[in-house]
Amino acid sequence: MIQEWRPSVGAWPEPDGVHFRVWAPEAEAVELVIEGGPEPVPMRKSRDGVFAATVARARPGTRYKYRIDGRGPFPDPASRFQPDGVHGPSEVIDPAAFAWTDAGWKGPDPDALVIYELHVGTFTQAGTFAAATEALPALADLGVTAVELMPLADFPGERGWGYDGVSLYAPARCYGRPDDLRRFVDAAHRLGLAVLVDAVYNHLGPDGNYLSCFSPYYFSTTHQTDWGTGPNFDGDHSTQVEDFFVENALHWVHEYHVDGFRLDATHAMMDEGERHVLDLLTDRVHEAGDHYGRRTLVIAEDERNLTTLVRPRGAGGFGMDGV
């Protein structure tokens, strides 16, 4: 299942080594700095502003950063894991190495959702993915049908609610490693439990947020949220920014088999472009589920009481599954 997925940014293993891609449209030169390696590796720039390199000596577990026009080095904006925290090096992760057992899982029944909101750090005494996995049978016995994991994107420090996440593709290392999260999802599916992720796409936290080091276009010049400047979903180069956030949602579906999302404060995802990012994201998440023959859900947290959110796309809505 996972083998069909090929991301457009980040680092992932290929037969000839590890492929690295990062978007830095205004940069003249980007170098890949491999921890413990020899000289930095120059990356090739394409017309769309993406720098790429394939490194034969790199492998899962390799740690790396990027140097931008001599500045940095900085962690990968699409890092799959930050073992030493959000300021440290990124680690190459191979999602295809995990042995899934949920091939028969068809996703949640939206008419039978009983959602348990779960904060990994407080759900058990240990506060880890592994400990939470051991406690899943009690939720199934309780009558829960879906577990909603509060934000997973890595954040500064060891404890927090997760709403100041900055490494959007990297599960918080204080909860465990990426495969620990995969074991949690796999075990949940064996018990008949869906797994939803609380995703924050309306802002990033201030500490460890390196996106602007790679591109000045990640954040809006016109839209402010209650938590700071919002992402650029409708200005210059906003197509690439939308792709970054939408692909983040897709990576949770493909690389972790999650069943959908509770999108945080969608009223603060401001987009005056031709197609709203919520419409695009919902459509792509549903497509990903359809491709694998399982149901994926997109649920908004939104205070506007807009029927547009849940109205079918054919009737001018975004086709979301709930609010």
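Values below: every heavy atom of this structure, side chains too, minus hydrogens, waters and symmetry copies.
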Asks: Working to the nearest 0.5 Å, report the span between OG of S90 and NZ of K65.
Replies: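 Interatomic distance, S90 OG to K65 NZ, rounded to 0.5 Å: 8.0 Å.
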Asks: Locate the shortest heavy-atom distance separating D76 from G10; write the atom from each residue and the value.
Replies: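 In terms of heavy atoms, the two residues are closest at OD2-CA, 3.5 Å.
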Asks: Quick check: closest heavy atoms across G230 and T225, and the distance to 0.1 Å?
Replies: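 G230 and T225 have their closest heavy atoms at CA-CG2, 3.9 Å.
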Asks: Which pair of heavy atoms, one from F318 and one from L309, lies closest together, and at what distance?
Replies: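 Taking F318 first and L309 second, the nearest heavy atoms are CB-O, 3.6 Å.
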Asks: For the pair R262 and I115, evaluate side-chain contact (heavy atoms from CB on, under 4.5 Å) and give the outcome as yes or no after the intermediate values.
Replies: CA-CA 11 Å; R262 177 268 195 188; I115 301 174; over 6 Å; no
Asks: So do H189 and D259 actually touch side chain to side chain, heavy atoms under 4.5 Å?
Replies: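 A side-chain contact exists here, since the closest heavy-atom pair is under 4.5 Å.
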Asks: Quick one, N248 and Y201 - any side-chain contact, counting heavy atoms below 4.5 Å?
Replies: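 Yes, at least one pair of side-chain atoms sits under 4.5 Å.
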Asks: Checking side-chain polar atoms at under 3.5 Å, does T62 have a donor or acceptor matched by the opposite partner on E91?
Replies: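 The criterion, which ignores hydrogens and geometry beyond distance, is not satisfied for E91 and T62.
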Asks: Can you find a heavy atom in the side chain of H276 that is under 4.5 Å from one in the side chain of T308?
Replies: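 No, their side chains stay 4.5 Å or more apart.
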Asks: When you check the side-chain N and O atoms of Y169 and E247, is any donor under 3.5 Å from an acceptor?
Replies: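 Looking only at side-chain atoms, E247 and Y169 do not form any donor-acceptor pair under 3.5 Å.
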Asks: Please tell me whether I299 and V197 are part of a single hydrophobic cluster in this structure, the criterion being side-chain heavy atoms less than 4.5 Å apart.
Replies: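 Different clusters: I299 never reaches V197 through Ile, Leu, Val, Met, Phe, Trp or Tyr contacts under 4.5 Å.
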Asks: Quick check for you: to the nearest 0.5 Å, what is the distance between L281 atom CG and M269 atom CE?
Replies: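 Going from CG on L281 over to CE on M269, the span is 6.5 Å.
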Asks: Kindly check if the number of other-residue, nucleotide or ligand heavy atoms within 6.0 Å of CG (D236) is above 12?
Replies: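 No, not enclosed.
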Asks: Okay, side chain of D186, backbone of W100: is any donor-acceptor separation there less than 3.5 Å?
Replies: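 Judged by distance alone, no pair lies under 3.5 Å.
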Asks: Is there a side-chain contact between R294 and H257, using heavy atoms and a 4.5 Å cut-off?
Replies: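 Yes, close enough: below the 4.5 Å cut-off.
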Asks: Hey, are the side chains of L113 and L297 touching, using non-hydrogen atoms and a 4.5 Å cut-off?
Replies: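 Contact flag for L113/L297 side chains = yes.
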Asks: Please round to the nearest 0.5 Å and tell me the distance separating atom CG of N209 and atom CG of L211.
Replies: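 N209 atom CG to L211 atom CG measures 5.0 Å (nearest 0.5 Å).
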Asks: Crowded around D16 CG? As in, over 12 foreign heavy atoms under 6.0 Å?
Replies: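 Result for CG/D16: enclosed.
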Asks: Does the side chain of H87 pick up a donor-acceptor pair with the side chain of Y210 at under 3.5 Å?
Replies: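 Note: H87 and Y210 side chains meet the donor-acceptor criterion.
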Asks: Do F244 and L168 come within less than 4.5 Å of each other through their side chains, counting heavy atoms only?
Replies: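 Side chain of F244 against side chain of L168, heavy atoms only: contact under 4.5 Å found.
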Asks: Within the distance-only criterion (no hydrogens, no angle test), does the side chain of T307 pair as donor or acceptor with the backbone N or O of R311 below 3.5 angstrom?
Replies: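 Such a contact is absent between T307 side chain and R311 backbone.
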Asks: Applying side-chain contact (heavy atoms from CB on, under 4.5 Å) to V253 and H291, what does each step give before you reach the verdict?
Replies: CA-CA 11 Å; V253 174; H291 181 72; over 6 Å; no
Asks: Give the C-alpha distance, both sets of side-chain angles, the deciding distance and a yes or no for side-chain contact (heavy atoms from CB on, under 4.5 Å) between F123 and L139.
Replies: CA-CA 11 Å; F123 181 59; L139 294 184; 3.9 Å; yes
Asks: Within the side chain of R295, is there an N or O that forms a donor-acceptor pair under 3.5 Å with the backbone of P110?
Replies: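 No; judged by distance alone, with no hydrogens or angles, the pair does not exist.
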Asks: Would D198 and Y163 satisfy side-chain contact (heavy atoms from CB on, under 4.5 Å), going step by step from the backbone distance to the final call?
Replies: CA-CA 9 Å; D198 185 345; Y163 292 96; 2.6 Å; yes
Asks: Give the ring-plane orientation class for Y256 versus W252, where under 30° counts as parallel, over 60° as perpendicular and anything between as tilted.
Replies: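 Y256 vs W252 ring planes: tilted.
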Asks: Please lay out, stage by stage, how Y66 and F51 fare under the test ring pair (Phe, Tyr, Trp, His ring centres under 6.0 Å).
Replies: CA-CA 10 Å; Y66 294 119; F51 285 79; 9.2 Å; no
Asks: Given 3.5 Å as the limit, does a donor-acceptor pair link the side chain of T229 with the main chain of F219, or not?
Replies: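 No, T229 side chain to F219 backbone: no donor-acceptor pair under 3.5 Å.
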Asks: Check G319 against T282 and note the closest heavy-atom contact, atom names and distance.
Replies: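 Between these two residues, the closest heavy atoms are O-CG2, 3.6 Å.
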Asks: CZ/R182 to OG1/T133 distance, rounded to the nearest 0.5 angstrom?
Replies: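 Those atoms lie 13.0 Å apart.
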Asks: Let me check something: do L204 and F81 share a hydrophobic cluster, defined by ILVMFWY side-chain heavy atoms less than 4.5 Å apart, either directly or through other members?
Replies: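 Different clusters.
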Asks: Could you check whether any side-chain heavy atom of D84 comes within less than 4.5 Å of a side-chain heavy atom of R63, counting everything from C-beta outward?
Replies: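 They are in side-chain contact.
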Asks: In terms of hydrophobic clusters joined by side-chain contacts under 4.5 Å, are L196 and L263 together?
Replies: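 No.
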Asks: For the residue pair T266 and E301, confirm or rule out a side-chain donor-acceptor distance under 3.5 Å.
Replies: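 Short answer, no.
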Asks: Indicate whether the side chain of T54 and that of E14 have a donor and an acceptor atom separated by less than 3.5 Å.
Replies: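 Side chains of T54 and E14: no pair found under 3.5 Å.
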Asks: Roughly how far, to the nearest 0.5 Å, is NE2 of H19 from CH2 of W12?
Replies: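 Between W12 CH2 and H19 NE2, I get 5.0 Å after rounding to 0.5 Å.
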Asks: Are any side-chain N or O atoms of N202 and backbone N or O atoms of D264, one a donor and one an acceptor, separated by less than 3.5 Å?
Replies: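 Side chain of N202 to backbone of D264, a donor-acceptor pair under 3.5 Å: yes, one is there.
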Asks: Can you confirm whether more than 12 heavy atoms, excluding those of R190, are under 6.0 Å from its CZ atom?
Replies: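 Check passes, neighbour count above 12.
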Asks: Answer yes if V144 and V120 sit in the same cluster of Ile, Leu, Val, Met, Phe, Trp and Tyr residues linked by side chain heavy atoms under 4.5 Å apart, and no otherwise.
Replies: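 Yes, because V144 and V120 connect within a single hydrophobic cluster, where side-chain heavy atoms sit under 4.5 Å apart.
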Asks: Decide yes or no on salt bridge (Lys or Arg N to Asp or Glu O under 4.0 Å) for E158 and R173, but give the supporting numbers first.
Replies: CA-CA 8 Å; E158 294 299 318; R173 81 281 168 206; 3.3 Å; yes
Asks: At their closest point, which heavy atom of P40 faces which heavy atom of R67, and how far apart are they?
Replies: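 Heavy-atom minimum between the residues: CG-NH1, 3.6 Å.
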Asks: Does some side-chain heavy atom of P156 sit less than 4.5 Å from a side-chain heavy atom of D164?
Replies: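 Yes, at least one pair of side-chain atoms sits under 4.5 Å.
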Asks: Which heavy atom of C174 sits nearest a heavy atom of F155, and at what distance?
Replies: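 Answer, listing the atom of C174 first, then F155: SG-CZ, 3.8 Å.
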Asks: Determine yes or no for a side-chain-to-main-chain donor-acceptor pair under 3.5 angstrom, with H119 supplying the side chain and G160 the backbone.
Replies: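 Judged by distance alone, yes, a pair lies under 3.5 Å.
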Asks: Looking at S238 and N232, would you say the former's side chain and the latter's main chain have a donor-acceptor pair under 3.5 Å?
Replies: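 A pair under 3.5 Å: no.
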Asks: Assess the side chains of Y175 and D180: does a donor N or O sit below 3.5 Å from an acceptor N or O?
Replies: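 There is no such pair (donor and acceptor under 3.5 Å, judged by atom type) between the side chains of Y175 and D180.
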Asks: How many angstroms lie between atom CD1 of I34 and atom OH of Y64, to the nearest 0.5 angstrom?
Replies: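 Result: 10.0 Å between the selected atoms.
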Asks: Indicate whether the side chain of W23 and that of D243 have a donor and an acceptor atom separated by less than 3.5 Å.
Replies: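 No, D243 and W23 have no side-chain donor paired with an acceptor closer than 3.5 Å.
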Asks: Flag yes if L250 and L181 sit in one hydrophobic cluster, no otherwise; membership is Ile, Leu, Val, Met, Phe, Trp, Tyr, and two members link when side-chain heavy atoms are under 4.5 Å apart.
Replies: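 They do share one cluster, since a chain of ILVMFWY contacts under 4.5 Å joins L250 to L181.
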Asks: Under the salt bridge (Lys or Arg N to Asp or Glu O under 4.0 Å) rule, what do D302 and R304 come out as? Steps first, then yes or no, please.
Replies: CA-CA 6 Å; D302 203 293; R304 296 172 294 180; 2.7 Å; yes
Asks: In plain terms, say whether R80 and E255 are close enough for a salt bridge, that is, a side-chain N and a carboxylate O under 4.0 Å apart.
Replies: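 Looking at R80 and E255, the cut-off is met.
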